[in-house]
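Position 1 is the first residue of the sequence; numbering continues from there. Here the structure is a predicted model, which is why all the values come from computation and not from measurement.
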Amino acid sequence: MTTNADRVQPNETTVPLLPCPAPAETLAFWRALGFEVAYEQLKPYVYLAFTWSGFQLHYGPAPKDLDPAKEASGACLVMVDAVAPYHAAFTEAMRRAYGKVLVKGLPRITRYRAGASRFSVVDPSGNTITFIRRDEPEEVEYGGSKELQGLARVLDNARILREFKSDDRAAYRALDSGMRRRADDAPMVEQAMALAGLIELSVALEKAERVPEWGARLRALSLSAQERAQVEQYVADPALLTPWLPDAARGAGHPFCLPAMSMCC
């Protein structure tokens, strides 16, 4: 008679084992984000184990020539029901521990745009941990949806570059080129979304000198309250648009000028 003990049961658990060339920094980072250190060993070899909510991250020895700055260490996918609560929890922990959200260098967290299906955390050892919504579309048009045309396709392409490839520079180039080539024939709301993306990416890429240029063009557009909401949803941090995005409360669809304001990066 065959029993359950004699069969392979479909209830396995996998735990990522990531290389750890920077153990001290990795310990400090995950502790700062509220992870519990379940196991800590530095000698004779590195072994670290962290737990948070219902998942674990384990770290082991790294090759001697592994450079965390190259971000080629390892990767892990964490499948969740909704990604927004995770991003909110980690960014709040960063603000408490570091006084700001870490968006550049190592460690860092990628931006989260409302409605997005994933974001990533890059740890001090150069590993990328990506949180993905379980019902994320199985097929992603990595070059921009073929069903879209003109500036709408450029916007979709830039979104994919930011959210799925974490390539801000490529997204910036796509929007910059798209505005030069496609803006004249595009609806006003699409132009506004592209300009909003350029403002956010300019700040992220430390190209803030171009923000007034994009901002002035955004401020000159006439947007309804619904269109304004579309523009705000295209970026991760709508607060960056405050000096430039017309206030719908002053009358939807009527352009006006805001007083000059400085951008805080």
Exercise for the section: Could you go through the salt bridge (Lys or Arg N to Asp or Glu O under 4.0 Å) check for Lys207 and Glu213 one step at a time? Expected result: CA-CA 11 Å; Lys207 296 177 178 285; Glu213 172 191 346; over 6 Å; no
Practice task
Test Tyr39 against Leu48 for side-chain contact (heavy atoms from CB on, under 4.5 Å), laying out the working first.
Solution key: CA-CA 5 Å; Tyr39 192 82; Leu48 308 174; over 6 Å; no
Exercise for the section: Applying salt bridge (Lys or Arg N to Asp or Glu O under 4.0 Å), run through Arg134 and Asp81 and close with a yes or a no. Expected result: CA-CA 6 Å; Arg134 284 194 176 90; Asp81 291 338; 2.6 Å; yes
Practice task
Would you check, one step at a time, whether the test side-chain contact (heavy atoms from CB on, under 4.5 Å) holds for Tyr172 with Arg210?
Solution key: CA-CA 12 Å; Tyr172 179 91; Arg210 298 206 65 183; 3.3 Å; yes
Exercise for the section: Test side-chain contact (heavy atoms from CB on, under 4.5 Å) on Val231 and Glu227 and set out the steps. Expected result: CA-CA 6 Å; Val231 174; Glu227 290 170 335; 5.5 Å; no
Practice task
Assess whether side-chain contact (heavy atoms from CB on, under 4.5 Å) is satisfied between Val78 and Thr130, documenting all intermediate values.
Solution key: CA-CA 6 Å; Val78 184; Thr130 302; over 6 Å; no
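Sorted by first then second residue, the salt bridge (Lys or Arg N to Asp or Glu O under 4.0 Å) pairs that include residues 45-74, not counting sequence neighbours, are Glu71-Arg108. For residues 13-24, there are no side-chain hydrogen bond (donor to acceptor under 3.5 Å, both in side chains) pairs, not counting sequence neighbours. Within the structure, every pair that satisfies the salt bridge (Lys or Arg N to Asp or Glu O under 4.0 Å) test and touches residues 29-50, not counting sequence neighbours, is listed here: Arg31-Glu40. Applying the ring-ring contact (aromatic ring centres under 6.0 Å, His included) test to every pair with at least one member in residues 108-127, sequence neighbours left out, gives these pairs: His87-Tyr112, His87-Phe119, Phe119-Phe131.
Met193 contributes atom CE, which lies 5.0 Å from atom CG of Leu155 (distance to the nearest 0.5 angstrom). We find the CD-CG distance between Glu190 and Leu148 to be 8.5 Å, quoted to the nearest 0.5 Å. The distance from atom CG of Asp156 to atom CD of Gln149, rounded to the nearest 0.5 Å, is 12.0 Å.
As a member of the Ile/Leu/Val/Met/Phe/Trp/Tyr network built from side-chain separations under 4.5 Å, Leu106 groups with Val122.
Put simply, the side chain of Trp214 does not reach to within 4.5 Å of the side chain of Leu241, judged on heavy atoms. Side-chain contact check for Arg169 versus Leu161: every heavy-atom pair is 4.5 Å or farther apart. Residues Val203 and Val211 are in side-chain contact: their nearest non-hydrogen atoms beyond the backbone lie under 4.5 Å apart. Arg111 is not listed as a side-chain neighbour of Asp237, based on a closest heavy-atom distance of 4.5 Å or more. Looking only at side-chain heavy atoms (C-beta outward), Val189 and Tyr234 stay at 4.5 Å or farther from each other. Between Leu57 and Cys76, some side-chain heavy-atom pair lies under the 4.5 Å cut-off. Between Val80 and Ile132 there is no side-chain heavy-atom pair separated by less than 4.5 Å. Pro16 is not listed as a side-chain neighbour of His58, based on a closest heavy-atom distance of 4.5 Å or more.
In this structure, the side chain of Ser177 does not engage the main chain of Ala174 through any donor-acceptor pair within 3.5 Å. Remark: side-chain polar atoms of Gln41 are paired, donor with acceptor, to backbone N or O of Tyr45 under 3.5 angstrom. Of the possible polar contacts, one joining the Gln191 side chain to the Ala183 backbone as a donor-acceptor pair under 3.5 Å is found. Between the Asp168 side chain and the Leu201 main chain, no donor and acceptor come within less than 3.5 Å of each other. Between the side chain of Arg162 and the backbone N or O of Asp167 there is no donor-acceptor pair closer than 3.5 Å. Counting only distance, with no hydrogens or angles, the side chain of Ser117 and the backbone of Arg133 share no donor-acceptor pair below 3.5 Å.
Nearest heavy atom pair, residue Pro21 against residue Pro68, reads CG-CG, 3.5 Å. The minimum heavy-atom distance linking Leu240 with Trp244 is given by the pair O-CD1, 3.8 Å. Closest approach of Cys20 to Val46, counting heavy atoms only: CB-CG1, 4.1 Å. The two residues Leu175 and Ala194 make their nearest non-hydrogen contact at CD1-O, 4.0 Å. Residue Asn127 comes nearest to Pro19 through the heavy atom pair ND2-O, 2.9 Å, listed as atom of the first residue, atom of the second, then distance. What you find for Met94 and Leu102 is that their closest heavy atoms are SD-N, 3.5 Å.
Among residues two or more places apart in sequence or in another chain, the salt bridge (Lys or Arg N to Asp or Glu O under 4.0 Å) test is passed with Arg173 by none.
One finds no salt bridge joining Glu147 and Arg153 here, because no Lys/Arg side-chain nitrogen approaches an Asp/Glu carboxylate oxygen to under 4.0 Å.
Using a 4.5 Å cut-off between side-chain heavy atoms of Ile, Leu, Val, Met, Phe, Trp and Tyr, with links allowed through other members, Ile199 and Leu205 fall into the same hydrophobic cluster. Both Val235 and Met188 sit in one connected hydrophobic cluster of ILVMFWY residues. Membership requires side-chain heavy atoms under 4.5 Å apart, directly or through other members. In the hydrophobic clustering of this structure, Trp52 does not group with Leu77; members are Ile, Leu, Val, Met, Phe, Trp, Tyr whose side-chain heavy atoms approach within less than 4.5 Å, directly or through other members. By the criterion of side-chain heavy atoms lying less than 4.5 angstrom apart, applied directly or through intervening Ile, Leu, Val, Met, Phe, Trp or Tyr residues, Val37 is not grouped with Tyr47; the two fall into different hydrophobic clusters. No continuous path of ILVMFWY side-chain contacts below 4.5 Å connects Leu27 to Leu17, so the two sit in separate hydrophobic clusters.
In this model, a donor atom of one side chain and an acceptor atom of the other lie less than 3.5 Å apart for Ser125 and Thr26. Of the N and O atoms on the side chains of Tyr59 and Asp123, at least one donor lies less than 3.5 Å from an acceptor on the other residue.
Two rings, from Phe90 and Trp30, have their centers 6.0 Å or more apart.
Using the six-membered ring where Trp is involved, Phe35 and Phe50 have ring planes that are perpendicular, over 60° apart on the 30 and 60° scheme.
For Gln9, the CD atom sits in a packed shell: over 12 heavy atoms of surrounding residues, nucleotides or ligands are nearer than 6.0 Å.
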